[in-house]
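A, B, ... follow the sequence lines: proteins, then strands. Residue 1 opens every chain.
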Number of protein chains: 2
Amino acid sequence: MGAEGTPSALDRADALEAELRARICLLDYAPGERLSETELAAEFGISRTPLRKVLARLEGAGLLVSRHGVGTFVTELDDEELDQAYALRLELASLAARLDPALPDPEALSRFRHLAERARSLRPNPDSPRPLAQLIYDFIQAQALLSTNRPLMDFATHLYTQTARLWVHSLYTSDLDLAEEIQLFAREVEDILQALEAGDLEAAALIHRAHVSLSWRRLRARRGTG
Amino acid sequence: MGAEGTPSALDRADALEAELRARICLLDYAPGERLSETELAAEFGISRTPLRKVLARLEGAGLLVSRHGVGTFVTELDDEELDQAYALRLELASLAARLDPALPDPEALSRFRHLAERARSLRPNPDSPRPLAQLIYDFIQAQALLSTNRPLMDFATHLYTQTARLWVHSLYTSDLDLAEEIQLFAREVEDILQALEAGDLEAAALIHRAHVSLSWRRLRARRGTG
DNA sequence: CTCGGATCTGTTGTGCACATCATCAGCCAG
DNA sequence: CTGGCTGATGATGTGCACAACAGATCCGAG
């Protein structure tokens with residue numbers, strides 16, 4: 001592997017899908033926003049046909065929905081579904097450590113150390129929470145390797161995707177305090193790293209669960225205020 | 001609603017997707033089997049293009065995978081992933097009753113009664129476990145309405161889809177005894193119906209969990225034997 | 001007989017032209 | 001002024017022809 005000299009057709013489609021997934025999660029495309037097939041096809045230098053296949057896959061994954069004659073839209077979550085997703089994330093955080101725990105190998109550990117370093121050196125950029133969003137995106141993907149239960153981790157990542165979009169949206173609308181969120185996230189990564197270095201996956205899961213819970217609480221508080 | 005005189009384009013696509021989902025779950029298409037875009041398009045009287053959109057969505061949902069120049073295949077689950085899915089189903093059964101329980105309305109109750117009646121009158125057909133598979137398929141979809149937590153129930157249904165395919169496959173290969181499975185399922189539906197009529201969702205969840213666990217055990221036993 | 005390579009066949013991927021649908025602006029009747 | 005109608009516009013949906021690709025087949029050299 002690693003011979004990326006000749007990106008085959010399927011790899012191109014997969015890369016495109018990953019790129020669009022990231023854009024949706026990182027709020028480059030806001031919930032409810034319309035995506036133009038024509039514009040996207042032009043941007044990536046391809047025809048509408050292969051682009052439409054990728055959009056269809058994202059539709060199957062529940063991130064997009066297309067309406068004939070209207071447009072293709074990023075899915076939205078109402079408050080109720082957001083709460084349900086958060087409640088599920090709390091439960092799943094415990095499950096991950098209990099069901100099929102996978103002790104992180106040295107490479108994975110170094111990846112977490114790198115994440116912690118990035119979190120420490122992250123300074124709030126008033127007009128763009130994107131660096132933080134990107135950091136959390138990478139963090140979740142690293143965390144998905146802490147259990148060998150693929151269905152569970154796939155679903156956990158999916159739920160993160162759904163909740164993070166609304167969470168990042170609150171950063172953009174200043175419902176959440178960027179500097180505070182950065183500090184809290186850095187703390188979470190540090191704590192989890194410490195637990196991982198001690199080989200205590202259960203502790204790592206508990207820490208993660210606590211932060212998810214607190215994050216949810218802050219989001220609800222601001223929701224009521226706004 | 002209910003005016004089905006003019007099936008719009010999008011409805012057609014949705015119906016087609018539901019039909020293919022059912023065929024995959026009911027093992028009309030076995031795991032690993034190749035699906036021909038040309039043949040399917042001809043069968044449904046449409047061109048390859050709209051069919052490909054549906055296939056792409058199913059690919060996004062993790063039920064299909066297409067390889068350039070080779071074919072489109074129904075995804076396969078190895079034993080490890082099957083075990084992980086079963087383990088998850090056990091946990092989720094409890095979660096459904098704990099998180100967002102939804103007491104069944106009279107209509108839902110009557111639907112369960114109808115399912116129980118079908119289970120009672122089901123006689124083993126030596127060459128076709130499909131009626132049982134269809135019955136369980138309907139049962140799971142009815143059960144998905146017992147919690148208002150949509151993300152949870154969607155995921156539970158997805159996991160059922162993954163495990164049921166292998167389970168039904170074992171019925172086809174006679175690794176499982178059809179008559180025995182019919183009897184056990186009828187018992188499960190009766191017990192759950194009783195719990196629902198008493199308004200005890202937690203009991204219903206426990207019963208379901210027990211049956212999932214026992215079903216898993218039978219599957220593992222036959223796997224070791226075969 | 002064996003092995004290697006060209007070729008052949010069938011598959012999914014791509015591009016393009018057109019059909020179908022939903023929306024909105026503008027206009028005309030009331 | 002109001003209300004509904006009609007057309008223009010731009011979106012996704014569809015069909016078809018062809019390209020790219022993988023595997024099987026066939027043929028010939030050794």
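For the pair A/Glu181 and A/Arg222, the salt-bridge criterion is not met [side-chain N within less than 4.0 Å of a carboxylate O]. A/Arg113 and A/Glu117 are not joined by a salt bridge, as no carboxylate oxygen comes within less than 4.0 angstrom of a charged side-chain nitrogen. Here A/Asp14 pairs with A/Arg57 in a salt bridge; the nearest charged N to carboxylate O distance falls below 4.0 Å. Under the 4.0 Å criterion applied to side-chain N and carboxylate O atoms, A/Arg130 and A/Asp28 are assigned as salt-bridge partners.
In this pair, B/Phe185 and B/Phe139 present their aromatic rings perpendicular. The plane angle is above 60°, beyond the 30 to 60° band.
A donor atom on one side chain and an acceptor atom on the other are found under 3.5 Å apart for B/Thr163 and B/Arg89.
At a threshold of 4.0 angstrom between heavy atoms, the contacts of B/Leu35 are confined to the sugar-phosphate backbone, with no base atom among them. Among the heavy atoms of the strands lying under 4.0 Å from A/Thr72 are primed sugar atoms or P, OP1, OP2 only; no base atom is included.
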Using the 3.5 Å cut-off, write out each protein N or O paired with an N or O of nucleotides 15-19 of chain D and the distance between them.
| residue | atom | partner | partner atom | Å |
| --- | --- | --- | --- | --- |
| D/dG15 | OP2 | B/Ser47 | N | 2.7 |
| D/dG15 | N7 | B/Thr49 | OG1 | 2.6 |
| D/dC16 | N4 | B/Thr49 | OG1 | 3.2 |

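One finds a side-chain N or O of A/Arg52 lying less than 4.0 angstrom from the OP1 or OP2 phosphate oxygen of D/dG13. Checking the phosphate oxygens (OP1, OP2) of C/dG13, a side-chain nitrogen or oxygen of B/Ser66 falls inside 4.0 Å. The shortest distance between the side-chain N/O atoms of A/Arg34 and the OP1/OP2 oxygens of D/dA11 is below 4.0 Å. The side chain of A/Lys53 contributes no N or O atom lying less than 4.0 Å from OP1 or OP2 of C/dT14.
Taking atom CZ of A/Phe44 as the reference point, atom C1' of C/dT14 lies 17 Å away to the nearest angstrom. Computed from coordinates, the B/Glu33 CD to C/dT11 P distance equals 14 Å when rounded to whole Å. As rounded to whole Å, 15 Å separates atom P of D/dT14 from atom CG of A/Leu55. For the pair B/Glu39 CD and C/dT11 P, the interatomic distance rounds to 7 Å; values are reported in whole Å. The interatomic distance linking A/Leu51 (CG) with C/dT14 (C1') rounds to 12 Å, in whole Å.
Set against C/dG13, D/dT12, C/dT11, the side chain of A/Glu37 has D/dT12 as its closest nucleotide.
Side-chain contact between A/Arg165 and A/Thr75 is present, with heavy atoms from C-beta onward closer than 4.5 Å.
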